Amino acid sequence: MKQNFIEELKWRNMLQDSMPGTEELLNKEMVRGYIGFDPTADSLGVGNLVQIMTLLHFQRAGHKPIALVGGATGMVGDPSGKSSERNMINEETLQYNLGCQKKQLEKFLDFNSGENAAEIVNNYDWFKNFTFLDFIRDAGKYITVNYMMAKDSVQNRLENGMSFTEFSYQLVQGYDFYHLWKNNGVKLQMGGSDQWGNIVTGTELIRKKAGGEAFALTTPLIKKADGSKFGKSENGNIWLDPAKTSPYKFYQFWLNAGDADVANYIRIFSLKNRAEIEALEQEHLAAPHLRLLQRTLAEEITARVHSEEALQRAIETTGILFGTSFDAFKALSSTEIEDAFDADVTFKVESTLLENGLDPLALLAEHSSIYNSKGEARKAIQGNGCSLNKEKVSLAQKFTSADLLHGKYLLVQKGKKNYYLIVAN
RNA sequence: GGGUAAGUAGCCAAGUGGCCAACGGCAACAGACUGUAAAUCUGUCCUCUUCGGAGUUCGGUGGUUCGAAUCCAUCCUUACCCA
């Protein structure tokens, strides 16, 4: 069952812009299309997930998706959307990042589906032996500086300055498109709307240099309803790598999405069809407090990005920490408790210390690093922002062995949503 | 190479000799209210602290002064104009 790619993107609100003729091309034949990924970090984040989904829908519509990892472009630095010159990352880091991202991409796309099997390419492969002189003759000659200057990504930087390196970026990315067009039969480049300028530099180069035709399609940038950035949480970016963002936190991120955003998200990140999603939306409107959309979305994405088991564990942890009363928590077995906490939120404390009674500052800041300093812990406690075994902590309190569950556990809450486990041994 | 303007906390930005750990805004975190939502109100927001304080900051380095983000010298960075 092939879907119409453009129609699919439209109802999912994933279509920002496309070049005239793009839809006709897609209806006519199996198209090879690519999206570039920038190796600035050692993991992709949920921000990149939009582009991954675009490729996935593209493949499901019967086309051939190609993910380009930017071994070469990463060395230059994309100025789009950046207000100042970027620091260069060294080659070693870059290689490492590339490897990590490649592994993640491989999880999403189907590489064994015959003629439209996904591919991953690295633009470093064709740039590594390309000399500067060749480049300015083979690519630079076809694009005028006037044209490059007109780009938003350049205009926005004229006030504060921009190096030649970053100015050249669009030409490097443009050449990627040309290379893939010429050698791999790629006719379409997709990307976030901030990439429009870079993408059309590519189609322009293809037209001028080879008289060929190529197409562009962009997706809107996701914004939260309050205008803040998508994909960040209190602890920074939400990554796809379970070592950097645990499946539990990943699940929580989606579960915590606001109503105003979640309808948007589910269309983008869910593979459910239109009827299913619209039905869910109806149901959600009838009873918003059940947060059906958030739950459905969180479950689907967590299972896809991590695994069904990781999802089950995240749901269980959530149930233990949020859903049930403390009595229910007490009823859990030691194994269940320990399973619910990841290593980075578990702290060990000598049980002898507790026998003598420990004040909260010593316990939370000195003997564990739930808080970085006593001052920080003190402020949080004074602000009523810390609970132990589900009860608000006061500075005057002392904790002893009698407070331990199963003789060894203490449940600590920093704020409402951050849980830690202290194990006495 | 010449001239002009600028560089203050995560970001924006006030501050032109003591009242400055530095107005204000954004972001962030926490509390109340809620639906683990939004909006709103409140608190925190350089570091450490025995909560009395202590230490380190205003591009870098030196200097003047009892005292410098503030004055002087010099260097660095950036923008604009001229060559």
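Just so it is clear: chains get the letters A, B, ... in the order the sequence lines come, proteins before strands, and each one is counted from 1. As the structure is a computational prediction, the values presented were derived from the model and not from experiment.
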- Answer with base, sugar-phosphate or nothing: what part of the nucleic acid does A:Gln382 contact at a heavy-atom distance below 4.0 Å? nothing

- Message: From OH of A:Tyr371 over to P of B:U49, roughly how many Å is that when rounded to an integer?
- Response: 14 Å

- Query: Out of B:U50, B:A37, B:C48, which has the shortest distance to the side chain of A:Asn372?
  - Reply: B:C48

- Task: Between A:Gly383 and A:Arg291, name the one whose nearest nucleotide on RNA chain B is closer to the 5' end.
- Result: A:Gly383

- Message: For B:A37 and A:Lys417 - does any side-chain N or O of the residue sit under 4.0 Å from the phosphate oxygens OP1/OP2?
- Response: yes

- Can you tell me the distance, in whole Å, between the NZ atom of A:Lys416 and the P atom of B:G43? 19 Å

- Task: Could you let me know what B:C20 is paired to, Watson-Crick or G-U wobble, both distances under 3.5 Å, or none if it's on its own?
- Result: none

- When rounded to whole Å, the CG to C1' distance for the pair A:Asn256 and B:U34 reads 13 Å

- With ring centroids as reference points, do A:His57 and A:Phe5 lie under 6.0 angstrom apart? no

- Message: Suppose you measure atom P in B:G59 against the same atom in B:A6; what distance do you get, rounded to whole Å?
- Response: 13 Å

- side-chain N/O A:Asn418 vs B:A30 OP1/OP2, d < 4.0 Å: yes

- Message: Heavy atoms only, 4.0 Å cut-off, all strands: where does A:Asp259 land among base, sugar-phosphate and nothing?
- Response: base

- Please state whether the phosphate of B:U50, meaning OP1 or OP2, lies under 4.0 angstrom from any side-chain nitrogen or oxygen of A:Arg378. yes

- B:C58 -> Watson-Crick or G-U wobble partner, both distances under 3.5 Å, gives none

- Watson-Crick or G-U wobble partner of B:U44, both distances under 3.5 Å: B:A28

- Task: Could you give the distance separating B:G53 and B:A27 at their P atoms, to the nearest angstrom?
- Result: 33 Å

- Answer yes or no: does a side-chain N or O of A:Lys379 lie under 4.0 Å from OP1 or OP2 of B:C45? yes

- Starting from P on B:C48, measure out to CD on A:Glu366 and report it in whole angstrom. 14 Å

- Roughly how far apart, to the nearest Å, are B:C12 and B:G35 at atom P? 40 Å

- Item | Rounded distance in Å between the P positions of B:C58 and B:A5 | 23 Å

- Message: If I take atom OG from residue A:Ser168 and atom OH from residue A:Tyr175, how far apart are they, to the nearest 0.5 angstrom?
- Response: 15.5 Å

- B:U70: pairing nucleotide in any strand, Watson-Crick or G-U under 3.5 angstrom: none

- With both distances kept under 3.5 Å, what pairs with B:A13, Watson-Crick or G-U wobble? none

- Message: Side chain of A:Gln294 only, heavy atoms from C-beta on: which candidate in B:C48, B:G35, B:A37 is closest?
- Response: B:G35

- Sticking with atom C1', work out how far B:C26 lies from B:A9, rounded to a whole angstrom. 14 Å

- Task: Write down the distance between CG (A:Leu293) and P (B:A38), rounded to a whole number of angstrom.
- Result: 16 Å

- Taking atom CG of A:Leu293 and atom CZ of A:Arg267, what is their separation to the nearest 0.5 Å? 10.0 Å

- Across every strand shown, the nucleotide meeting Watson-Crick or G-U wobble geometry with B:G7 (both distances under 3.5 Å) is B:C76

- Query: Are any side-chain N or O atoms of A:Asn418 and backbone N or O atoms of A:Lys414, one a donor and one an acceptor, separated by less than 3.5 Å?
  - Reply: yes

- Answer yes or no: are there more than 12 heavy-atom neighbours, outside A:Gln312 itself, under 6.0 Å from its atom CD? yes

- Message: From CD1 of A:Ile381 over to C1' of B:G43, roughly how many Å is that when rounded to an integer?
- Response: 16 Å

- Task: Let me know the distance between CG of A:Asn384 and P of B:C33, rounded to the nearest Å.
- Result: 11 Å

- Complementary nucleotide for B:C51 - Watson-Crick or wobble, under 3.5 Å: none

- Query: Mind checking the P distance from B:U70 to B:U57? Whole angstroms is fine.
  - Reply: 13 Å

- Message: Minimum heavy-atom separation for A:Lys398 and A:Gly357, please, with both atom names.
- Response: CD-C, 4.3 Å

- Query: Roughly, in whole Å, what's the span from NZ in A:Lys414 to P in B:A28?
  - Reply: 17 Å

- Assign each of A:His289 and A:Ser373 the nucleotide of RNA chain B bearing its closest heavy atom; nearer the 5' end lies the nucleotide of A:His289

- Query: Just checking, is any N or O donor in the side chain of A:Gln195 or A:Thr218 under 3.5 Å from an acceptor N or O on the other one?
  - Reply: no

- Item | Candidates B:U50, B:U36, B:U49 - which lies nearest the side chain of A:Leu255 | B:U36

- Query: Given the C1' atoms of B:C23 and B:C45, what is the spacing between them in whole Å?
  - Reply: 16 Å

- P atoms of B:G7 and B:G55, separation to the nearest Å: 29 Å

- Message: Please classify the glycosidic conformation of B:G25 as syn (within 90° of 0) or anti (everything else).
- Response: anti

- Message: Please tell me whether A:Ser368 and A:Lys348 have a donor and an acceptor in their side chains that are separated by less than 3.5 angstrom.
- Response: no

